[in-house]
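I have placed the structure first, in the form of structure tokens, so that the comments after it can refer back to it.
What's counted below: heavy atoms across the whole structure, side chains too, no hydrogens, waters or symmetry copies.
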Amino acid sequence: MKVLIVGNGGREHALAWKLYQSDHVDKIYAAPGNDGMFEIAERVDIDSNDIENLAKFAQENEIGMTVVGPEEPLVAGIVDYFVERKIPIFGPKKQAALLEGSRAFAKEILNKYNIPTGEYEVFTDPDTALNYLKNADYPLVVKANGLAGGKGVIVASNYQDSQDAVARIMEDKTFGDAGDRIVVENFIEGEDISIFALTDGQTILPVTSTKEHKAVFEGEEGPNTGGMGSYSPSPYVDQQMMDQICREILRPTLHALNSEGIDYRGVMHVGIILTESGPKVIDYNARFGDPETQVIMPLLAEDLLELMQRTNDVKLKYKKEIEIYDSDAVCVVLASAGYPLTYKTGYEIKGLENLKQHDDLIVFHSGTKLEDGKYITNSGRVLGMTVVGEGILSVIDTVYDYINEVEFKDMHYRTDIGFTISNVPQASVE
């Protein structure tokens, strides 16, 4: 079978890497992909939001499965467009993807069906929002309603912070139309985790738990990014906790969507805070996360294509669970200094060839370009260094050891990925 992957980052490289291992996959295309994927996928010069031309390519090349990485085309309705033309595609339709595309919609679903979440208010104009925030209890979380590339969430410790957040989102339009509305939530104390699940609209099965570090600097300081690192599984999610999350969040969410007449098929990625009173939802995503996919795919002990086909064909009920290897995986993102704000690219990446000697390391390319046989930086997030092994503490140490073997000008990375785990000693990073 021929497979088309839509997107160009580390997530898409990880999806291609996993699908390449399937006995059912003969060829992989990536649109637009990145140069670091060339050994396993052929790049196609079509933008991930160019739905019409993606469908045309899929039809002309007899693509057996299109896999959508980023959220924008899902929210724009790429799945609906493909399904109408009987082109196989994996992911939720537009109405279902609204669970990620609108935080206000997601909160309405959570509230209506009594799924545990924080208290919130929705505002459509800055003045009304500011009047509310003057007398609010802090800290609060101010969120752009729409898609903001994982960056539209601002924690406000006081009224001045919330003023700045409202100005950035609603007045300065830092996140474009995503800031037409804002959601203001109570700050929830606890460990934040992500749960990834597959659902065919009737059955929902958890895949695994992850932890993502979004802030650009150590200690969760600085602006939010698309993700600076992740690990899986979360030590805070044992079988008892996963059962509780399934019982109180995953299955009730599927029931809520069905009650609203929404047929959700694909990945459901739920951001959760583990509070003293139980798990609470902070947000939903309608696709695999980045860089969480870079730790999920190496741990997945099943054929990814077969799981996608089961999901599309409403056959997940025949599986009791999704198998995951009994290992730990950690991914640290190497980025360009200045990301996510302003940064320079075009610098040679040194040491990549030597990294191939490490059997426990997978290097996923997020933003690289191949010029004259050498890789150069081509984006804010450049590489995802993923190590798989036994014992989370050992794996953390190993990934930082390997990072010492690669370099490029203005290379930036966090030195504390995974250090929220209790009693984790500081990894040795020079």
_ring pair (Phe, Tyr, Trp, His ring centres under 6.0 Å) partners for Y138, two or more places apart_ = none
*Can you check whether G346's main-chain N or O pairs, donor with acceptor, with T377's side chain at less than 3.5 Å?*
yes
*Heavy-atom side-chain contact between V387 and V330 under 4.5 Å*: no
*Report yes or no: does Y284 contribute a side-chain atom to a donor-acceptor pair with the main-chain N or O of L99 at less than 3.5 Å?*
no
*Can you sort out the partners of D50 under side chain to side chain contact (heavy atoms under 4.5 Å, CB included), two or more places apart, ordered by chain and number?*
I46, D47, E52, N53
*Applying ring pair (Phe, Tyr, Trp, His ring centres under 6.0 Å), which residue pairs with at least one partner in residues 187-222 are found, sequence neighbours left out?*
F196-H269, F217-H412
_Using 0.5 Å steps for rounding, measure from the CG atom of N224 to the CD1 atom of I154._
8.5 Å
*Would a distance-only check, ignoring hydrogens and angles, find a side-chain to backbone donor-acceptor pair under 3.5 Å from T199 to T203?*
yes
*Might you point out which heavy atoms bring G384 and C331 nearest each other, and give the distance in Å?*
CA-SG, 3.9 Å
*Taking all non-hydrogen atoms of both residues into account, name the closest pair between A30 and M37 and its distance.*
CB-CE, 3.6 Å
Side-chain donor-acceptor distances from residues 165-180 under 3.5 Å, at least two apart:
unit_1, atom_1, unit_2, atom_2, d
K173, NZ, D180, OD1, 2.3
T174, OG1, R168, O, 2.9

Taking only distance into account, with no hydrogens and no angle test, what donor-acceptor pairs under 3.5 Å do side-chain atoms of residues 288-306 form with protein atoms, sequence neighbours excluded?
unit_1, atom_1, unit_2, atom_2, d
D290, OD1, Q294, NE2, 3.0
D290, OD2, R11, N, 3.3
E292, OE1, D290, N, 3.0
T293, OG1, G289, O, 2.4
E302, OE1, K319, NZ, 2.9
E302, OE2, K319, NZ, 3.2
E302, OE2, E323, N, 2.7
D303, OD1, S22, OG, 3.2
D303, OD1, L305, N, 2.9
D303, OD1, E306, N, 3.1
D303, OD2, S22, OG, 2.8
E306, OE2, H24, NE2, 2.7

*Which pairs pass ring pair (Phe, Tyr, Trp, His ring centres under 6.0 Å) with one or both residues in residues 108-137, sequence neighbours excluded?*
F123-Y132
*Do S48 and E72 meet the criterion of a side-chain donor-acceptor pair at a distance under 3.5 Å?*
no
_Spatial distance of atom CG (L205) from atom CD1 (I322) [nearest 0.5 Å]_ = 5.0 Å
*Listed by chain and number, what are the ring pair (Phe, Tyr, Trp, His ring centres under 6.0 Å) partners of Y81, not counting sequence neighbours?*
none
*Over all atoms of both residues, closest heavy-atom pair of A256 and I109*: CB-CG2, 3.9 Å
*asked:* Looking at every heavy atom in both D263 and G201, which two are closest together, and how far apart are they?
replied: OD1-CA, 3.8 Å
_Checking the side chain of D313 only, and the main-chain atoms of K315 only, is there a donor and an acceptor separated by less than 3.5 Å?_
no
*Least distance between heavy atoms, Y159 atom then L133 atom*: CD1-O, 3.6 Å
*Is a side-chain donor or acceptor of N378 paired with a backbone partner of G367 at a separation under 3.5 angstrom?*
no
*Kindly state each residue pair satisfying salt bridge (charged side-chain N to carboxylate O under 4.0 Å, His left out) with at least one member in residues 240-251, sequence neighbours excluded.*
none
*Applying ring pair (Phe, Tyr, Trp, His ring centres under 6.0 Å), name anything that partners Y339, two or more places apart in sequence or on another chain.*
none
*For the pair T311 and L316, evaluate side chain to side chain contact (heavy atoms under 4.5 Å, CB included) and give the outcome as yes or no after the intermediate values.*
CA-CA 6 Å; T311 301; L316 286 179; 3.8 Å; yes
*Between Y264 and V267, is there a donor-acceptor pair closer than 3.5 Å when you use the side chain of the first and the backbone of the second?*
yes
_Pair V67-L19, side chain to side chain contact (heavy atoms under 4.5 Å, CB included): steps then yes or no_ = CA-CA 10 Å; V67 181; L19 287 165; 4.1 Å; yes
*Under 3.5 Å, is there a donor-acceptor pair between the side chain of T225 and the main chain of K214?*
yes
_Mutual orientation of the aromatic rings belonging to H365 and H13 [parallel < 30°, tilted 30-60°, perpendicular > 60°]_ = tilted
*If you take all heavy atoms of V75 and A97, which pair is closest and at what distance?*
CG2-O, 3.9 Å
*asked:* If we ignore hydrogens and angles and just use 3.5 Å, is the side chain of Y400 paired with the main-chain N or O of I417 as donor and acceptor?
replied: yes
*Looking at I78, L74, V79, which one forms a side chain to side chain contact (heavy atoms under 4.5 Å, CB included) with K93?*
V79
*Does L98 offer a backbone N or O that forms a donor-acceptor pair with the side chain of S102 under 3.5 Å?*
no
*Are I204 and L198 close enough that some pair of their side-chain heavy atoms sits under 4.5 Å apart?*
no
_Set out, in order, the CA-CA distance, both residues' side-chain angles and the distance that settles side-chain hydrogen bond (donor to acceptor under 3.5 Å, both in side chains) for N8 and E12, then state yes or no._
CA-CA 6 Å; N8 67 340; E12 289 72 33; over 6 Å; no
_Donor-acceptor check, side chain of D328 to backbone of G391, threshold 3.5 angstrom: yes or no?_
yes
_Under the rule for salt bridge (Lys or Arg N to Asp or Glu O under 4.0 Å), what residues qualify as partners of E185, not counting sequence neighbours?_
K107, K143
*Answer yes when E221 and R414 have at least one side-chain N-carboxylate O distance shorter than 4.0 Å, and no when they do not.*
no
*Under 4.0 Å between a Lys/Arg side-chain N and an Asp/Glu carboxylate O for D45 and R43?*
no
*Who are the ring pair (Phe, Tyr, Trp, His ring centres under 6.0 Å) partners of Y402, not counting sequence neighbours?*
H358
*For R287 and N285, test the side chains for any donor-to-acceptor distance below 3.5 angstrom and give the result as yes or no.*
yes
*Going by distance alone, is a donor N or O of one side chain under 3.5 Å from an acceptor N or O of the other, for S336 and Y347?*
no
*Given L147 and E100, is the side chain to side chain contact (heavy atoms under 4.5 Å, CB included) satisfied, shown in steps?*
CA-CA 8 Å; L147 300 178; E100 174 172 7; 3.8 Å; yes
_With side chain to side chain contact (heavy atoms under 4.5 Å, CB included) as the criterion, how do V363 and T386 come out once you've worked through the C-alpha distance, each side chain's angles and the decisive distance to 0.1 Å?_
CA-CA 6 Å; V363 180; T386 297; over 6 Å; no
*Got a sec, which pairs hit salt bridge (charged side-chain N to carboxylate O under 4.0 Å, His left out) with one end in residues 188-200, sequence neighbours left out?*
E191-K211, D192-K211
